[in-house]
Participant: 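This is the structure, below, for whatever I ask next.
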Amino acid sequence: MEPYREIARFSQWWVWLPLGGILVFFVYAILSQVVLGRPVGNKPLSNWGLVLLTVVIFSLLFTLLRLQLVTVVDQQAVGVEFGIFGKHR
């Protein structure tokens, strides 16, 4: 008998919409503050802090995008693999 394999991803649009909006805001802030020289807000973050925060947010979004749950069911066991946590049987 062939093992059953299912792959589930983090793909709810209602979660990605605000997260994407946050990333768009920080990209806009970088373009406005770093490239054009116009500070964003009354107490703007330093240029390095803004770039670093944007990279961290982008990294988190990329990690969520790549995250997946793989479930394999065969006659002997049920196997689960969840992104960075590895395989468990």
Participant: Indicate every side-chain donor-acceptor pair of residues 52-61 with a distance under 3.5 Å to a residue at least two apart or in another chain.
Facilitator:
from: Thr54; atom 1: OG1; to: Leu50; atom 2: O; distance (Å): 2.8
from: Ser59; atom 1: OG; to: Val55; atom 2: O; distance (Å): 2.8

Participant: Identify the heavy atoms of Asp74 and Pro3 that sit nearest to each other, and give their distance.
Facilitator: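 Smallest interatomic distance, heavy atoms only, reads CB-CB, 3.9 Å.
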Participant: Return each pair, listed once, that meets ring-ring contact (aromatic ring centres under 6.0 Å, His included) where at least one residue sits in residues 14-42; pairs must be two or more places apart or across chains.
Facilitator: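 Passing the test, one end in residues 14-42: Phe10-Trp16.
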Participant: Establish whether Val24 and Leu31 are linked, either directly or via other cluster members, by ILVMFWY side-chain heavy-atom contacts under 4.5 Å.
Facilitator: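 No.
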Participant: Does any N or O in the side chain of Gln33 come within less than 3.5 Å of the main-chain N or O of Leu45, such that one atom is a donor and the other an acceptor?
Facilitator: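 It does hold such a pair.
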Participant: Can you confirm whether Arg5 sits close enough to Val70 that some side-chain heavy atom of one is under 4.5 Å from a side-chain heavy atom of the other?
Facilitator: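 They are in contact (side-chain heavy atoms under 4.5 Å apart), so the answer is yes.
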Participant: Measure the shortest side-chain to side-chain distance between Leu19 and Leu64 over non-hydrogen atoms and say whether it is less than 4.5 angstrom.
Facilitator: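 They are in contact (side-chain heavy atoms under 4.5 Å apart), so the answer is yes.
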Participant: Val51 versus Ile30: any side-chain heavy-atom pair under 4.5 Å?
Facilitator: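 Counting from C-beta outward, Val51 and Ile30 do come under 4.5 Å.
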Participant: Side chain to side chain contact (heavy atoms under 4.5 Å, CB included) between Phe82 and Leu67: does it pass, once the steps are laid out?
Facilitator: CA-CA 7 Å; Phe82 185 65; Leu67 195 62; 3.8 Å; yes
Participant: Give, for atom CG of Leu65 and atom CZ of Arg9, the distance between the pair rounded to the nearest 0.5 Å.
Facilitator: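 Taking CG in Leu65 and CZ in Arg9, the distance rounds to 8.0 Å.
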Participant: Testing the basics here: between Pro39 and Gly37, what is the closest heavy-atom pair and its distance to 0.1 Å?
Facilitator: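 Nearest heavy atoms, Pro39 then Gly37: CD-O, 3.5 Å.
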Participant: So which residues get pulled into Phe62's cluster when ILVMFWY side chains under 4.5 Å apart are joined, directly or through others?
Facilitator: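 Taking Ile, Leu, Val, Met, Phe, Trp and Tyr as members, Phe62 stands alone, with no cluster partners.
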